[in-house]
Amino acid sequence: MPTKEIVTKIIDGDTFETNKRKIPIRIANMDTPEKRQKGYQEAKKGLSDLIMGQEVSIEPVAKDKYNRTVAKVKIGKFLVKTKMKKFEK
């Protein structure tokens, strides 16, 4: 069941924190540049512009090797992954 949470911090172009979790959330099926890779700042800014401070819907699908929740994330009716496609590797 999806939960509604407020985005409080953007870590990179596919990972963020919310007001209800201590461990960051990674967006499912999305891979943007990591720190020190070309396109990192653009992807981070793109995600920030889209969801920072906003209420998002989070539907967990797995845990990754860092124990982060991997989730489908929506803002309104739109999947964040769809809006961020241009920033993917």
Shortest non-hydrogen contact from Pro33 to Phe87?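 So the minimum-distance heavy-atom pair works out to CD-O, 3.3 Å.
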Met30 and Gly13: which non-hydrogen atoms are nearest, and at how many Å?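 Answer, listing the atom of Met30 first, then Gly13: CE-O, 2.9 Å.
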Would you mind reporting whether [Y] and [X] have side-chain heavy atoms less than 4.5 Å apart?
X	Y	answer
Ile25	Thr15	no
Glu34	Lys89	yes
Lys72	Val61	yes
Ile58	Arg21	yes

With sequence neighbours excluded, what pairs up with Lys45 under the salt bridge (charged side-chain N to carboxylate O under 4.0 Å, His left out) test?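 Partners of Lys45 under the salt bridge (charged side-chain N to carboxylate O under 4.0 Å, His left out) test: Asp49.
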Salt-bridge contact Glu17-Lys22 (side-chain N to carboxylate O under 4.0 Å):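 Looking at Lys22 together with Glu17, the answer is no, because their closest N to O distance does not fall below 4.0 Å.
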Between the side chains of Arg26 and Asp64, is the shortest nitrogen-to-carboxylate-oxygen separation below 4.0 Å, so that they form an ion pair?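 Judged by the 4.0 Å cut-off on N to carboxylate O distance, Asp64 and Arg26 do not form a salt bridge.
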[X] [atom1] to [Y] [atom2] distance, which is reported to the nearest 0.5 Å:
X	Y	atom1	atom2	answer
Ser48	Lys9	OG	NZ	12.0 Å
Gln54	Ile75	CD	CD1	4.5 Å
Ile10	Phe16	CD1	CZ	7.0 Å
Asp14	Asp12	CG	CG	4.5 Å

Considering residues at least two apart in sequence or located in another chain, which fulfil the side-chain hydrogen bond (donor to acceptor under 3.5 Å, both in side chains) criterion with Asn29?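 Result, side-chain hydrogen bond (donor to acceptor under 3.5 Å, both in side chains) vs Asn29: none returned.
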Option passing side-chain contact (heavy atoms from CB on, under 4.5 Å) with Leu47 (candidates Val7, Val73, Ile27, Thr32):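 When Val7, Val73, Ile27, Thr32 are each tested with Leu47, the side-chain contact (heavy atoms from CB on, under 4.5 Å) holds only for Ile27.
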Do Thr18 side-chain atoms and Lys20 backbone N/O form a donor-acceptor pair below 3.5 Å?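 Side chain of Thr18 to backbone of Lys20: a pair is present.
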Is the count of non-hydrogen atoms from other residues, nucleotides or ligands lying under 6.0 Å from Lys74 atom NZ greater than 12?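 Count not over threshold, so no.
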Say whether Val56 and Met52 are linked into one hydrophobic cluster, either directly or through other cluster members, by side-chain heavy-atom distances under 4.5 angstrom.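 Cluster IDs for Val56 and Met52 match.
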Trace of the side chain to side chain contact (heavy atoms under 4.5 Å, CB included) decision for Glu88 with Lys81: CA-CA 9 Å; Glu88 289 191 270; Lys81 176 185 171 28; 3.3 Å; yes
